Amino acid sequence: MGLRSFLHRITAPPLSGEQMNEPCKMVCVVNQSLKMGKGKIAAQVGHGAVMATMKAGVERPAHLEQWFTTGQKKVCLKGRDAEHLLELEQQAKAAGILTTFVHDAGHTQIPSGSLTVLALGPEIEATLEEITGELKLL
Amino acid sequence: MVSTVDEPSMVFIARHDLKMSAGKLAVQCSHAAVSCTLNARKTHARLVERWRNAGARKICLRADDLATLQRLAGQAQAAGLVTHLVKDAGHTEVPPGTVTVLGIGPAPRRAIDALVSELKPY
């Protein structure tokens with residue numbers, strides 16, 4: 001999608017029947033088995049957040065809009081390892097939640113292609129909590 | 001190593017004095033990432049596309065205090081770069097309104113390096 005259509009999409013009024021009242025949030029699940037440094041995690045979660053935002057602009061404009069108006073809430077949780085992230089992604093997808101994987105380019109700290117972060121949402125908080133309610137805060 | 005000097009980059013400068021947890025830091029940096037990206041799309045659309053196509057490079061550096069963040073924000077703005085200062089809502093860890101992270105970019109790597117070369121990785 002071009003820049004212009006992206007901007008039109010995120011600034012256009014919500015489509016009728018798609019309005020939401022519940023607050024939305026974004027959850028980033030970090031692969032803890034990689035033992036990344038704090039700055040590394042921050043950059044990876046940043047990748048996830050930007051990618052998820054762009055994707056939502058195309059696929060979930062109403063969710064994105066609602067997320068912006070409710071303060072762009074983001075939460076960072078601990079995932080065990082890559083298998084755990086894949087498992088969560090399957091569950092989230094089945095629940096209709098937008099999912100985004102971040103794979104590292106491997107310039108620093110960890111091997112190239114490692115699955116570092118799973119971003120979920122923007123999505124209604126209650127829907128996300130059914131998937132991520134058990135996970136600990138990072 | 002292949003020269004990547006001209007590839008655009010985004011940098012997060014986080015306050016080390018706040019002693020934020022890894023999750024808190026990550027969330028604050030991603031606030032900066034999303035805000036900078038969306039703002040830059042309005043004013044520097046081609047640069048944003050170039051940045052994303054080259055892997056959307058992001059790095060996280062540390063600053064000792066708020067004054068450093070404010071000084072760098074001023075310098076970056078004077079150089080015509082996109083900046084965003086993240087103010088925390090204060091639900092956890094820090095008081096409401098605390099400035100936690102400065103995001104700069106995407107911008108040409110040389111322009112960023114000129115500003116932040118003395119800072120250490122977080």
Side-chain angles (χ1 to χ4, degrees), chain A residues 1-7 9-11 25-30 32 35-54 56-57 64 67-68 70-79 100 102-109 112 116-117 119 122 135-138, chain B residues 1-2 4 7 9-14 16 19-49 51-52 54-62 86-93 100-101 103 105-106 119-122:
Chain A
M1 175 189 296
L3 168 69
R4 195 164 292 209
S5 47
F6 177 86
L7 285 177
R9 199 157 320 200
I10 63 169
T11 53
K25 68 175 176 180
M26 184 187 283
V27 169
C28 291
V29 187
V30 178
Q32 289 290 93
K35 311 221 177 302
M36 296 178 281
K38 276 190 182 184
K40 177 87 184 176
I41 291 175
Q44 297 297 314
V45 171
H47 284 312
V50 173
M51 285 157 68
T53 304
M54 296 298 168
L64 186 66
W67 180 62
F68 279 131
T70 50
Q72 299 188 36
K73 204 180 282 180
K74 302 184 188 78
V75 180
C76 222
L77 303 173
K78 288 179 182 173
T100 311
V102 182
H103 293 275
D104 189 59
H107 297 305
T108 55
Q109 295 191 13
S112 175
T116 54
V117 169
L135 303 178
K136 292 214 173 81
L137 277 172
L138 183 68
Chain B
M1 203 168 138
V2 187
T4 50
E7 278 174 15
S9 185
M10 182 183 280
V11 63
F12 312 123
I13 300 151
H16 202 241
K19 308 204 187 315
M20 292 178 278
S21 66
K24 179 88 186 174
L25 175 71
V27 166
Q28 300 297 316
C29 288
S30 52
H31 283 316
V34 171
S35 297
C36 280
T37 306
L38 294 181
N39 288 339
R41 283 190 90 123
K42 293 176 202 152
T43 52
H44 299 71
R46 288 175 65 184
L47 185 69
V48 173
E49 284 316 305
W51 171 67
R52 293 184 65 205
R57 185 172 181 272
K58 301 181 184 75
I59 53 170
C60 184
L61 306 175
R62 68 192 214 200
V86 180
K87 277 203 198 84
D88 191 60
H91 299 304
T92 55
E93 294 190 33
T100 52
V101 170
L119 300 181
K120 295 204 176 76
Y122 201 101

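Here is the naming used below: chain letters follow the sequence lines, and residue numbers restart at 1 for every chain. As the structure is a computational prediction, the values presented were derived from the model and not from experiment.
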| query | How many angstroms lie between SG in B/C60 and CD1 in A/I41, if you round to the nearest 0.5 Å? | reply | 10.5 Å
| note | In short, B/G55 meets A/H47 closest at the heavy-atom pair O-CE1, 3.8 Å
| note | In this structure, CD of A/Q72 is separated from OG of B/S35 (nearest 0.5 Å) by 5.0 Å
| said: Could you go through B/M10 and A/V50, starting from their C-alpha distance and side-chain angles, then the distance that decides it, and tell me whether this counts as side chain to side chain contact (heavy atoms under 4.5 Å, CB included)? | reply: CA-CA 12 Å; B/M10 182 183 280; A/V50 173; 5.6 Å; no
| task | Measure from the side-chain N and O atoms of A/K38 to the backbone N and O of B/M20, and report whether any donor-acceptor pair falls under 3.5 Å. | result | yes
| query | Which atoms of B/R52 come close to chain A, meaning under 4.5 Å heavy atom to heavy atom: side chain ones, backbone ones, both, or neither? | reply | side chain
| field | Largest heavy-atom contact set with chain B, pairs under 4.5 Å, which of A/G48, A/A49, A/A105, A/A52 | value | A/A49
| Within a strict 4.5 Å, meaning less than it, do heavy atoms of the A/M54 and B/T37 side chains meet? | yes
| Where on A/V75 is there a heavy atom nearer than 4.5 Å to chain B: the side chain, the backbone, both, or neither? | backbone
| note | Turns out that what part of B/L61 lies under 4.5 Å from chain A's heavy atoms comes down to neither
| task | Under 4.5 Å, counting heavy-atom pairs only, tell me which of B/V48, B/L38, B/I59 racks up the most with chain A. | result | B/L38
| What is the minimum heavy-atom distance between B/A26 and A/C76, and which atoms define it? | CB-SG, 3.8 Å
| query | If you round to the nearest 0.5 Å, how far is NZ of A/K73 from NE2 of B/H31? | reply | 10.5 Å
| Which pair of non-hydrogen atoms, one from A/G39 and one from B/L25, has the smallest distance, and what is that distance? | N-CD2, 4.3 Å
